[in-house]
Amino acid sequence: MERVVLSMQDPDQGVRTRSQRLFITVIPHTAAGGDVVAWLIRKYGISDEEALHLGTLLVQHGYLYSLREPRSLLLRPDDTPYRFQTPYFWTSTVWPAAELDYAIYLTKKNIRKQGALVGHEKEHYDQLHRKISHTWDLVVMQAREQLRAAKQRRKGDRLVIACQEQTYWLVNRPPPGVPSVLEQGPKRSSCAAGRVQLTKSTEFYKQEMERCRKALTRARVKSSVCLEAYLKFSGQRGPHDPMMSGCLPSNPWVSDEDAYWTINAPSVAVPTKLRVERWAFSFQELLEDPVGRAHFMDFLGTEFSAENLSFWEACEELRHGGQAQVHATVDAIYQQFLAPGAARWVNIDSRTMERTLEGLRQPHRYVLDEAQLHIYMLMKKDSYPRFLKSAAYRDLLAEAVVPPEAKRRVFPFMRKPLHASPSPALLPASPSGEPVAATSGPECGDGGT
Amino acid sequence: VHQVAERVEALGQFVMKTRRTLKGHGNKVLCMDWCKDKRRIVSSSQDGKVIVWDSFTTNKEHAVTMPCTWVMACAYAPSGCAIACGGLDNKCSVYPLTFDKNENMAAKKKSVAMHTNYLSACSFTNSDMQILTASGDGTCALWDVESGQLLQSFHGHGADVLCLDLAPSETGNTFVSGGCDKKAMVWDMRSGQCVQAFETHESDINSVRYYPSGDAFASGSDDATCRLYDLRADREVAVYSKDSIIFGASSVDFSLSGRLLFAGYNDYTINVWDVLKGSRVSILFGHENRVSTLRVSPDGTAFCSGSWDHTLRVRETLLFDSVCERSDWPSLKQRLRVSLGDMS
């Protein structure tokens with residue numbers, strides 16, 4: 001912010017300033033609100049709204065103040081004169097604001113005009129008076145001294161200094177109900193604090209060296225190749241992205257109709273065309289979709305290799321399951337898929353099988369990773385391409401639904417009651433692990449916007 | 001990336017409109033997450049309240065008051081049956097969601113993670129049984145929900161870790177974290193080792209999110225920029241910044257196709273970037289205080305932003321020009337007319 005404000009004050013490139021007549025005094029170096037906004041628009045190439053927003057933020061943080069209404073931290077895009085806050089009062093120079101200084105300020109206000117303190121200021125004043133009553137004489141003395149020194153200044157300067165001070169305290173001690181712009185959130189430590197120092201042991205440095213060594217020898221792909229991949233990916237997914245291409249029948253948030261979600265429910269009988277197309281994008285897409293996975297399982301059944309997918313699913317359960325179930329799950333998988341003569345024996349190459357069986361002596365959740373990866377790649381390189389070329393997939397594409405675009409409501413301002421849907425927490429999970437979406441729940445009253 | 005994307009058509013105008021405003025938090029909203037059913041969300045705030053909403057109907061379905069303030073992290077379980085949250089209590093707790101009126105949700109609470117400083121982010125892995133957490137004590141950790149056992153811890157950040165995101169990869173074994181040490185680090189969940197690190201930001205990294213293909217991730221930082229890092233090329237490939245943006249980015253997320261990057265900033269605005277071209281597509285106003293959290297819905301139909309102004313807003317957006325390419329001109333005209341009517 002300070003960078004912006006400094007460039008604003010640049011005599012050649014900055015905001016146009018002039019001397020402003022205020023009642024009978026002349027104040028130099030003022031800028032009209034409208035000029036500030038215009039300068040922001042020119043300099044950063046932004047819109048009216050954004051320039052006004054940015055300017056308002058500058059005022060709210062106390063870098064600019066209004067001469068006519070110093071109490072309000074607003075930027076008016078018209079003739080209202082503003083001045084730049086002196087760096088002495090910038091938040092970066094002196095923060096947090098000292099309680100003592102605040103006490104002096106309030107005392108000055110009180111002395112200068114009895115009853116000038118508004119509600120919250122009066123409360124603060126009383127509070128501070130109680131807290132630092134032992135040095136209250138010092139406060140009063142300081143206040144009197146500052147007022148006396150101010151009297152010797154020209155009227156114009158006095159006004160300016162008063163405005164500056166007032167703005168500073170408006171920002172640092174906002175009235176109740178106004179959020180403080182200076183609030184930051186829980187304290188963060190930005191440098192290696194004491195508690196993290198413990199890790200800087202030899203062990204840590206050994207790991208760092210190992211990581212650097214690995215990094216040096218890691219195979220890197222050329223940036224151009226990677227970037228082309230983004231173009232391809234985004235291009236391919238564009239028609240599937242509701243924000244780029246809309247969604248049929250309608251975007252539920254716009255039309256207040258949840259038909260789109262019903263049609264695309266996780267386990268729906270007839271998937272949409274777009275959905276079936278996505279299965280051809282990557283093996284991962286196919287597996288992640290419960291309907292796609294089910295059809296793929298059927299296909300594998302016709303090829304007598306369904307145990308591959310079942311094995312993969314079982315391994316996923318192991319990896320993401322509860323810690324207490326690890327042993328039991330590994331046992332079950334071994335019995336069903338890996339033991340010689342098992343009911344659904346999977347065909348893994350001998351080396352991987354050897355290593356897996358070795359690892360099974362001390363089972364942990366990642367013990368089947370190698371075997372799982374082998375089967376996954378087998379399906380991906382072999383069965384998956386065949387599935388995409390199969391009659392089954394072609395039929396699915398042909399039967400897939402393209403939902404017609406929903407008719408626009410004739411009277412868009414009439415609100416339809418919004419259908420609630422049962423929470424996934426209510427329904428029993430279906431065997432595939434996905435909660436089944438029911439068609440409609442009780443109708444609720446009008447949903448507000 | 002902008003050079004490579006030169007031949008890609010620039011995006012036209014977007015129509016963005018707030019469709020739902022969720023009011024109910026009495027204090028700053030700090031974090032939110034979507035449920036897999038694409039309509040429910042969980043949100044947490046400074047006063048310790050965690051609320052589960054059906055954002056489509058704007059009804060509140062559950063509410064829990066945590067015993068601590070500044071609940072900076074919350075997450076929805078993949079099954080939709082539980083939520084996790086934590087903050088200044090240094091813990092991550094899991095609450096099963098129940099509709100039983102007689103049951104007090106707080107009674108079934110399970111304390112899962114224990115850190116030595118505040119919890120900044122949490123996320124379930126592919127199932128309800130494991131949780132990944134990031135903390136102000138400089139570490140990330142993987143926990144078993146049922147037993148609360150620590151499965152793996154990740155050391156390497158030199159300062160508070162502020163955010164994390166799981167990779168959508170086939171093997172599902174990595175995640176990225178960002179911290180106050182300006183580094184974004186990619187970890188192997190199995191070994192606990194850091195496999196890649198990126199240090200080009202000039203200030204705290206508040207948010208990281210993977211590109212939908214899993215080959216890259218974006219980060220938003222207090223240095224007012226968002227950056228895109230490619231994992232295979234092992235370097236930063238794009239910087240999203242503008243001179244007029246001088247406040248930090250608190251939260252980022254991609255649209256479904258990865259073409260758009262939504263970023264919420266501390267100057268109360270949301271900027272939408274064209275990921276490929278590197279230019280800003282749109283700026284959104286509406287919040288009256290800083291935007292603290294932003295997530296795109298699981299099916300990409302809308303995105304939700306939570307702010308220190310106590311509200312959450314669900315907005316949808318549609319690219320106009322892409323619609324023009326379709327041959328259904330009559331319906332387009334009607335759509336334009338109605339949309340413009342909506343905007344007034």
Side-chain angles (χ1 to χ4, degrees), chain A residues 1 4 44 46 49-50 53-54 57 179 186 188-192 195-196 199 211 220-221 223-224 226-231 233-234 237-238 240-247 251-254 258 261 284 320-324 366 405 408 412 418 420 423-426 429 435 444 447-449, chain B residues 1 4-5 8 19 37-38 54 56-58 61 70 80-81 97 99 118 125-127 129-130 137-138 144 146-147 149 155 158-160 170 180 190 194 213 215 230 232-234 237 243-244 246 255-260 267 276 283 285 289 300-302 314 316-319 322 331 334 338:
Chain A
M1 271 189 287
V4 175
Y44 296 120
I46 53 185
E49 202 181 357
E50 195 180 344
H53 180 81
L54 184 56
L57 279 171
R188 303 173 180 176
S189 55
S190 306
C191 48
R195 55 176 182 264
V196 190
T199 58
R211 187 168 66 77
R220 279 180 186 71
V221 182
S223 310
S224 49
C226 300
L227 302 175
E228 288 288 337
Y230 300 150
L231 296 185
F233 184 87
S234 290
R237 307 287 165 137
H240 298 257
D241 184 346
M243 293 183 180
M244 303 290 290
S245 319
C247 41
N251 188 319
W253 301 101
V254 177
D258 58 2
W261 288 328
Q284 196 184 354
H320 299 292
Q323 187 65 9
Y366 300 115
E405 198 176 334
R408 284 275 166 172
L418 291 165
S423 166
L426 265 180
C444 306
T449 305
Chain B
V1 66
V4 179
V8 175
R19 295 290 170 180
D37 75 350
K38 308 144 192 172
D54 177 351
F56 189 58
T57 57
T58 72
E61 295 194 336
W70 288 96
C81 298
L97 294 176
F99 280 93
Y118 64 86
T125 61
N126 288 25
S127 76
M129 321 252 203
Q130 290 173 312
D137 64 7
D144 177 67
E146 193 58 46
S147 61
Q149 185 189 353
H155 295 261
D160 305 13
E170 297 178 299
C180 290
R190 193 180 150 165
C194 167
S213 72
D215 290 329
D230 188 289
R232 294 184 300 167
D234 200 23
V237 290
D243 277 342
S244 61
I246 50 181
S255 74
L256 209 62
S257 61
R259 184 68 197 266
L260 299 175
D267 65 356
L276 301 178
I283 178 170
F285 302 93
N289 207 324
T301 47
V314 180
E316 75 43 66
T317 165
L318 180 57
L319 174 61
S322 78
S331 101
Q334 196 191 30
V338 180

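Numbered from 1 within each chain, the chains take letters A, B, ... in sequence-line order.
Judged purely by atom type and a 3.5 angstrom limit, A:Asn251 uses its side chain to pair as donor or acceptor with the backbone of B:Thr301. A distance-only check finds no donor-acceptor pair linking the side chain of B:Ser257 to the backbone of A:Ser234 [under 3.5 Å].
For A:Pro252 against B:Phe56, the heavy-atom pair with the smallest separation is O-CE1, 3.2 Å. In plain terms, the two heavy atoms of B:Asp215 and A:Tyr230 that are nearest each other are O-OH, 4.4 Å. Here the closest non-hydrogen pair linking A:Glu50 and B:Phe285 is CA-CZ, 3.6 Å. Taking each heavy atom of B:Asp230 and A:Cys226 in turn, the nearest pair found is OD2-CB, 3.0 Å. For the pair A:Leu54 and B:Ser244, the tightest heavy-atom approach, listed with the atom from each and the gap, is CD2-O, 3.8 Å. In terms of heavy-atom proximity, A:Trp253 sits nearest to B:Lys38 at CZ2-O, 3.8 Å.
Across A:Gly321, A:Ala324, A:Gly238, the residue that shares the most heavy-atom pairs under 4.5 angstrom with chain B is A:Gly321. Contacts with chain B were tallied for A:Arg220, A:His240, A:Glu228; A:Arg220 has the most, counting heavy-atom pairs under 4.5 Å.
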Report the C-alpha separation of A:Glu49 and B:Ile283 in whole Å, then their side-chain angles, then the decisive distance to 0.1 Å, and conclude whether the side chain to side chain contact (heavy atoms under 4.5 Å, CB included) test is met.
-> CA-CA 10 Å; A:Glu49 202 181 357; B:Ile283 178 170; over 6 Å; no
Residues A:Leu227, B:Val237; criterion side chain to side chain contact (heavy atoms under 4.5 Å, CB included); working and verdict = CA-CA 8 Å; A:Leu227 302 175; B:Val237 290; 3.9 Å; yes
Evaluation steps, side chain to side chain contact (heavy atoms under 4.5 Å, CB included), between A:Val254 and B:Arg19 | CA-CA 7 Å; A:Val254 177; B:Arg19 295 290 170 180; 3.8 Å; yes
Kindly determine whether B:Thr125 and A:His320 satisfy side chain to side chain contact (heavy atoms under 4.5 Å, CB included), including the steps that lead there.
-> CA-CA 7 Å; B:Thr125 61; A:His320 299 292; 4.0 Å; yes
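Taking B:Asp144 as the reference, A:Gln323, A:Arg365, B:Glu146, B:Ser147, B:Gln149, B:Leu151 meet the side chain to side chain contact (heavy atoms under 4.5 Å, CB included) condition, with sequence neighbours excluded. Applying the side chain to side chain contact (heavy atoms under 4.5 Å, CB included) test to A:Ala229 and every residue at least two apart in sequence or in another chain returns B:Arg232.
Results of the side-chain contact (heavy atoms from CB on, under 4.5 Å) test with A:Met243 over B:Thr317, B:Leu318, B:Leu256 single out B:Thr317 as the only residue that passes.
Under a 4.0 Å N-O distance rule, the pair B:Asp160/A:Arg188 does not qualify as a salt bridge.
Residue contact with chain A, scored on non-hydrogen atoms closer than 4.5 Å, involves the side chain of B:Asn289 exclusively.
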